[in-house]
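Only a predicted model underlies this, so the values are computations on that prediction, with no experimental measurement involved. One is the number of the first residue; the rest follow in order along the sequence. Below, all heavy atoms of this structure are taken into account, side chains as well, without hydrogens, waters or symmetry copies. Remember, it's 1-based here, ligands and their atoms both numbered in the order they're listed.
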Amino acid sequence: MDFHWLFILVFILFSQEDPFKEERHEMVKNQLERRGIESTSVLNAMRSVKRHLFVPPQSQKHAYKDSPLPIGYGQTISQPYIVAYMTEIIDPQPDFKVLEIGTGSGYQAAVLGKLVKEVYTIEIVEELGNAAASRLKSTGYDNVKTKVADGYFGWEEHAPFDAIVVTAAAEFIPPPLIKQLKNGGKMIIPVGSPFMTQMLTLVEKKGGKPITKTLFPVRFVPFTRED
Ligand code: SAH
């Protein structure tokens, strides 16, 4: 037996199992750590979730680039740095129950799923919601529950939430979401007019009241409402 060939065969098998591992680790180093993402657990989650499985096949080779990517129906998966930032700022703890509005590809939900006990995510575009649900199931994120609905109303049945992540730009913070946030909990949400730059806003609920802090300008797809 020629061990040289055996070695090559084993190498091919292993490299095909996770062909983007190196790119993903580079993404974490160059795009996240360099820009100040510090949480070890968030960095580990970003290192382990296979972002290329959440983008259309023709975009897989671009999955680890420093940019958002189209996912169909005029929607986008956010830039890795924005996903990491929004995840880190809610300070996810292992016993948390988190609500996400705007499932999209399911990527942000998967990252959250690595860090907290339960994730509830709502998508308004049925096709995207269904595709994300089966993707999350096949990739093993059993602690992520999905629903197709207008996220404006939150998910009353599972409220209150320790944290809420909104990944579509709203003109104002939906009152039902403030209501469903635990006292002491944090919500991160882009606020502003659609198709323009919005302000990423951190909401902390204290004594039943939302305290808001604007962070930096961002560009998200619009928060839409059912007609
Ligand atoms: N978090 C996603 C990015 C989603 S882009 C990811 O990781 O891939 C924003 C998503 O919000 C889009 O899919 C859009 O359809 C959805 N959306 C917009 N308005 C919504 C609403 N009112 N309720 C639920 N989802 C909404």
Qualifying salt bridge (Lys or Arg N to Asp or Glu O under 4.0 Å) pairs, either residue in residues 137-152, two or more places apart: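 Every salt bridge (Lys or Arg N to Asp or Glu O under 4.0 Å) pair that includes a residue of residues 137-152, provided the two are not neighbours, is Asp150-Arg225.
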Step-by-step side chain to side chain contact (heavy atoms under 4.5 Å, CB included) determination, Ser48 to Lys114: CA-CA 9 Å; Ser48 76; Lys114 284 271 175 202; 3.2 Å; yes
Show the atom names and distances, to 0.1 Å, of all donor-acceptor pairs under 3.5 Å that link a side chain in residues 62-69 to residues at least two apart or in another chain.
from, atom 1, to, atom 2, distance (Å)
His62, ND1, Lys65, NZ, 2.7
Tyr64, OH, Arg24, NH1, 3.1
Tyr64, OH, Arg51, N, 3.0
Tyr64, OH, His52, N, 3.2
Tyr64, OH, His52, ND1, 2.7
Asp66, OD1, Arg35, NH1, 3.3
Asp66, OD1, Arg35, NH2, 3.4
Asp66, OD1, Gln79, NE2, 2.9
Asp66, OD2, Arg35, NH2, 2.5

Gln93 atom CD, neighbour heavy-atom count above 12 within 6.0 Å: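 Correct, the count exceeds 12.
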Of Thr167, Val191, Ile189, the residue whose pairing with Phe220 passes side-chain contact (heavy atoms from CB on, under 4.5 Å):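 By the side-chain contact (heavy atoms from CB on, under 4.5 Å) criterion, Phe220 pairs with just one of Thr167, Val191, Ile189: Thr167.
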Between ligand 1 and the protein, find all N/O pairs closer than 3.5 Å and give the distance for each.
from, atom 1, to, atom 2, distance (Å)
ligand 1, 1 (N), Glu100, OE2, 2.9
ligand 1, 1 (N), Gly102, O, 2.9
ligand 1, 1 (N), Thr167, OG1, 3.1
ligand 1, 7 (O), Gln108, N, 3.0
ligand 1, 8 (O), Ser105, N, 3.0
ligand 1, 8 (O), Ser105, OG, 2.6
ligand 1, 13 (O), Glu123, OE1, 2.7
ligand 1, 13 (O), Glu123, OE2, 3.3
ligand 1, 15 (O), Glu123, OE2, 2.6
ligand 1, 19 (N), Thr224, N, 2.8
ligand 1, 19 (N), Thr224, OG1, 3.3
ligand 1, 22 (N), Asp150, OD1, 2.8
ligand 1, 22 (N), Thr224, O, 2.6
ligand 1, 23 (N), Gly151, N, 2.7
ligand 1, 25 (N), Ile124, N, 3.2

Side-chain donor-acceptor distances from residues 37-44 under 3.5 Å, at least two apart:
from, atom 1, to, atom 2, distance (Å)
Ser39, OG, Ser41, N, 3.4
Ser39, OG, Ser41, OG, 3.2
Ser39, OG, Val42, N, 3.1
Asn44, OD1, Arg47, NH1, 2.8
Asn44, ND2, Thr40, O, 3.4

